[in-house]
2 protein chains.
Amino acid sequence: MIHHGATKQRILDTAERLFGQYGYAAISLRQIIAEAEVNLAAIHYHFGSKEDLLDEVVLRGVTPVNERRLELLEAHEAETGGRPDLDKILEIFLMPMADKASRHPDFVRLMGRLMAEGLLPTIIQKHFQGIAARFSAALARALPDLAPEELAWRIHFMVGAIAQTMCGTPAFAPILGEPAPFHERLRRLSAFLAGGFRAPLPQPEKIEVQL
Amino acid sequence: MIHHGATKQRILDTAERLFGQYGYAAISLRQIIAEAEVNLAAIHYHFGSKEDLLDEVVLRGVTPVNERRLELLEAHEAETGGRPDLDKILEIFLMPMADKASRHPDFVRLMGRLMAEGLLPTIIQKHFQGIAARFSAALARALPDLAPEELAWRIHFMVGAIAQTMCGTPAFAPILGEPAPFHERLRRLSAFLAGGFRAPLPQPEKIEVQL
DNA sequence: GTCTATACTGAGATAGAC
DNA sequence: GTCTATCTCAGTATAGAC
């Protein structure tokens, strides 16, 4: 414990666990320092603020996932020669997170919470804008007949569905029994999203107001 | 201001506006009382706590929407004789909220935030469990070939997409220009969801770990 | 029954001693 | 690098004026 950065590590690990299990807003810095057995000011020394601590937790966890995603996407694009497959793109985007979930379930729940909460848009967006642009471009090539605006909206819908699935609280689905393994969840999600992306275009605005 | 319940109303209106625009966690009771020009303790007198205030905001706004939803659903089920149409069910669920949004945009943003945040699951679930059961049953009849478990998951995905659309921050879709009118958004969403519900079943688990 | 004034506890943040 | 003390502001609780 003679400052090998052990303090910083313990703070990061504890924060990831507590934020993931109970949510960012629900966990106080004082709860973290109690479990990590460090001093309150140590958090502000190492990270600056509660929000910056969250930022570093996200950065640490998401970096290897996004690297793996890019790696797989580039391999697939090379294979298919600029005409990637929709189902494959979705699988490539989701599976690295599923693998992460098997080792760090709390981190993945945290990511789901953050994606959903409009509260921390900056933090998430910062770590995802590169990946988002890359996958958006791939989706555009996989769906050449879809108008860019419609594609953008469908990506938006996808983000919501992914976020909901990652935090994994089946609010409106009381039928669901045990928490299904993450890979299975994401296979189901992948099929759903593919159907959504391939759906026929919405009808233009109806005249009648009444349903 | 001679206590015709004007205080309670002003608190509700101001809370709805501020919670919707900035989020529940981001707004303090002291910000609400400043804009509503009431005393701090008046909130606790009328509502009990910050969370109970939120609950009443949600209840007030969601009641007419859900009543309209049930009314439309029952009419449709009567017309079609127990074999409702998927697209129609989605439209019936979404359009009353779109109508609400044209008059109370802040309320609808708030609903989106709350549905997304796992933080307040109790509040949302309380006001939606009746509606959810009703629409789940309708969806099951519209999609008789879908296994109940798969249907439950797809509803779960739908909730995420709806929540994302209602709070309306297009995090991963910077292509989107001006904030589109709510009815248009929901028509696009409706088409996307219908495609998702009709998607072919996901493949059973693959053996290979490697992608 | 309605509202006001005020105090209490716990949150995140900061300064400075060691 | 670490820890103590302290600051400000949050939500909450209570006593009492009208």
Side-chain angles (χ1 to χ4, degrees), chain A residues 1-60 110 113-114 117-123, chain B residues 1-60 110 113-114 117-123:
Chain A
M1 205 214 275
I2 315 128
H3 64 277
H4 283 69
T7 299
K8 192 170 178 178
Q9 282 300 319
R10 268 210 313 286
I11 294 171
L12 279 172
D13 293 339
T14 311
E16 176 175 302
R17 184 166 50 82
L18 294 180
F19 285 160
Q21 287 177 356
Y22 304 100
Y24 172 74
I27 292 298
S28 70
L29 294 182
R30 285 167 172 86
Q31 288 174 278
I32 294 172
I33 65 163
E35 296 216 10
E37 294 178 316
V38 298
N39 185 274
L40 175 59
I43 290 185
H44 289 95
Y45 172 74
H46 285 290
F47 303 99
S49 72
K50 187 184 181 187
E51 198 167 324
D52 290 331
L53 167 60
L54 174 65
D55 195 275
E56 282 226 24
V57 169
V58 171
L59 176 65
R60 185 182 69 158
L110 173 60
R113 288 181 190 276
L114 294 182
E117 295 178 23
L119 301 169
L120 289 308
T122 340
I123 288 184
Chain B
M1 206 215 270
I2 315 128
H3 63 279
H4 284 68
T7 300
K8 192 171 180 178
Q9 283 299 321
R10 269 209 312 284
I11 294 171
L12 280 172
D13 293 339
T14 310
E16 177 176 300
R17 184 165 50 82
L18 294 180
F19 286 160
Q21 286 176 358
Y22 303 102
Y24 172 72
I27 292 298
S28 70
L29 295 182
R30 285 168 172 87
Q31 288 174 276
I32 294 173
I33 64 161
E35 295 216 9
E37 294 178 315
V38 300
N39 185 275
L40 176 59
I43 289 186
H44 289 94
Y45 171 73
H46 285 289
F47 304 99
S49 70
K50 186 184 180 186
E51 196 168 325
D52 288 332
L53 167 59
L54 174 65
D55 195 275
E56 282 227 23
V57 169
V58 171
L59 176 65
R60 185 182 69 158
L110 173 60
R113 287 180 190 278
L114 295 181
E117 296 178 22
L119 301 169
L120 288 309
T122 342
I123 288 185

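Proteins come first, then strands; the chains are lettered A, B, ... in the order of their sequence lines, and each starts at number 1. Owing to the predicted nature of the structure, the values given are computational and were not obtained by experimental measurement.
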Between A/A41 and A/Q31, name the one whose nearest nucleotide on DNA chain C is closer to the 5' end.
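Here A/Q31 is the residue nearer the 5' end.
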Among [options], which nucleotide sits nearest the side chain of [X]?
X	options	answer
B/S49	D/dA13, D/dT12, C/dA11	D/dT12
B/K50	D/dG11, C/dT4, D/dT2	D/dG11
A/S28	D/dG11, C/dA11, D/dT4	C/dA11

Would you say a side-chain N or O of [X] is under 4.0 Å from OP1 or OP2 of [N]?
X	N	value
A/Y45	D/dT2	no
B/H46	C/dG1	no
A/H44	C/dA13	yes

B/L29 CG to B/I33 CD1 distance, which is reported to the nearest 0.5 Å
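Reported to 0.5 Å precision, the distance equals 8.0 Å.
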Rounded distance (Å) that lies between atom [atom2] of [N] and atom [atom1] of [X]:
X	N	atom1	atom2	answer
A/E37	D/dT2	CD	P	15 Å
B/E51	D/dT12	CD	P	8 Å
A/L40	C/dG10	CG	C1'	12 Å
B/N39	C/dA7	CG	C1'	14 Å
B/L54	D/dG11	CG	P	13 Å
A/F47	C/dA13	CZ	P	13 Å
A/L29	C/dG12	CG	P	4 Å

With A/K8 as the cation and A/Y45 as the aromatic partner, state whether NZ or CZ is under 6.0 Å from the six-membered ring centre and within 45° of the axis.
no
With a non-hydrogen cut-off below 4.0 angstrom, is [X] in contact with a base, only sugar-phosphate, or nothing?
X	answer
B/A42	base
A/I43	nothing
B/I27	sugar-phosphate

Hey, are the side chains of [X] and [Y] touching, using non-hydrogen atoms and a 4.5 Å cut-off?
X	Y	value
A/E16	A/R60	yes
A/F19	A/R113	no
A/N39	A/T7	no

Return yes if the base of C/dG12 and the side-chain atoms of A/R30 contain a donor-acceptor N/O pair under 3.5 Å, otherwise no.
yes
